[in-house]
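Worksheet for the structure shown next.
The structure presented is a predicted model; accordingly, all values stated were derived computationally and were not measured. Naming convention: chains lettered A, B, ... in sequence-line order (proteins, then strands); numbering from 1 in each chain. No hydrogens, no waters, no symmetry mates; every other heavy atom, side chains included, goes into these values.
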Amino acid sequence: SQQGEEDPQALSIQEGENATMNCSYKTSINNLQWYRQNSGRGLVHLILIRSNEREKHSGRLRVTLDTSKKSSSLLITASRAADTASYFCALDNSGGYNKLIFGAGTRLAVHP
Amino acid sequence: GAVVSQHPSWVICKSGTSVKIECRSLDFQATTMFWYRQFPKQSLMLMATSNEGSKATYEQGVEKDKFLINHASLTLSTLTVTSAHPEDSSFYICSAVGDLKRESAYEQYFGPGTRLTVT
């Protein structure tokens, strides 16, 4: 399967703690993207990391990519209750056609 | 900028009827749109890739005669679920890719989704 595999499937933390989600995959990729989805809603793009990049930051988000291990991680620092959502990694290995294969997702619950 | 809308946001239909879902890019031209379906607490599964002015490309296992896709303009793609059955009940999400010359060429902008319930 080309699908990314994420772990953990679910994560429950307290506000202020950091949350780390991991994504592993099996194929080569052009880029890997992380998305957030609130329950029953559309997806919001968080970060895109290209295959030749190792780390990217955006506000409280930090994404790493290790192509040798075929894995990526998303770190949310100083989490807030509003960060409660499902987080998906998505692989683009379509050679420029922007076709994404989504992982199973991690359901994050941040408790006040 | 980069807003994608879907209409309707939810729909209930009877088994055997057809339902059309619209996906519009409101402030940019989308050369490519994608259609996904998502079952409860599951991931998004890509159904098809829709390119303006050409036939859609369907993923393996997706029936093209059942899920008709039309991308008639650079701002509109439609998905028609024909002869819907209860197992077609799902959350359908579209996304759009804009001008590939821009920095954010790889970013997909997602619509809010359409929840289809077939009774």
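A:Gln33 approaches B:Gln108 most closely through the heavy-atom pair OE1-N, 4.5 Å. Residue B:Tyr36 comes nearest to A:Leu100 through the heavy atom pair OH-CB, 3.8 Å, listed as atom of the first residue, atom of the second, then distance. The two residues B:Ser43 and A:Ala104 have their closest heavy-atom pair at CB-CA, 3.8 Å. Here the shortest heavy-atom pairing between A:Gln37 and B:Phe91 reads NE2-CE2, 4.0 Å.
At most 12 non-hydrogen atoms from other residues, nucleotides or ligands lie less than 6.0 angstrom from CD of A:Gln9. More than 12 heavy atoms of other shown residues, nucleotides or ligands fall within 6.0 angstrom of atom NZ in B:Lys66. The environment of CZ in A:Arg54 is crowded: more than 12 heavy-atom neighbours from other residues, nucleotides or ligands sit within 6.0 Å. Annotation for B:His7: atom NE2 does not count as buried by contact number, only 12 or fewer foreign heavy atoms lying within 6.0 Å.
Put simply, OG1 on B:Thr32 and NZ on A:Lys99 are 12.0 Å apart, with the number rounded to the nearest 0.5 Å.
Highest contact tally toward chain A, considering only B:Pro112, B:Pro40, B:Gly113, B:Ser9, is held by B:Pro112 [criterion: heavy-atom pairs under 4.5 Å].
Only the side chain of B:Gln38 comes within contact range of chain A, with heavy atoms under 4.5 Å apart.
The shortest side-chain heavy-atom distance between B:Tyr109 and A:His45 does not fall under the 4.5 Å cut-off.
There is no path of hydrophobic side-chain contacts, each under 4.5 Å, that joins B:Ile93 to B:Tyr58. Linking ILVMFWY side-chain heavy atoms closer than 4.5 Å, directly or via other members, places B:Met45 and B:Met47 in two distinct hydrophobic clusters.
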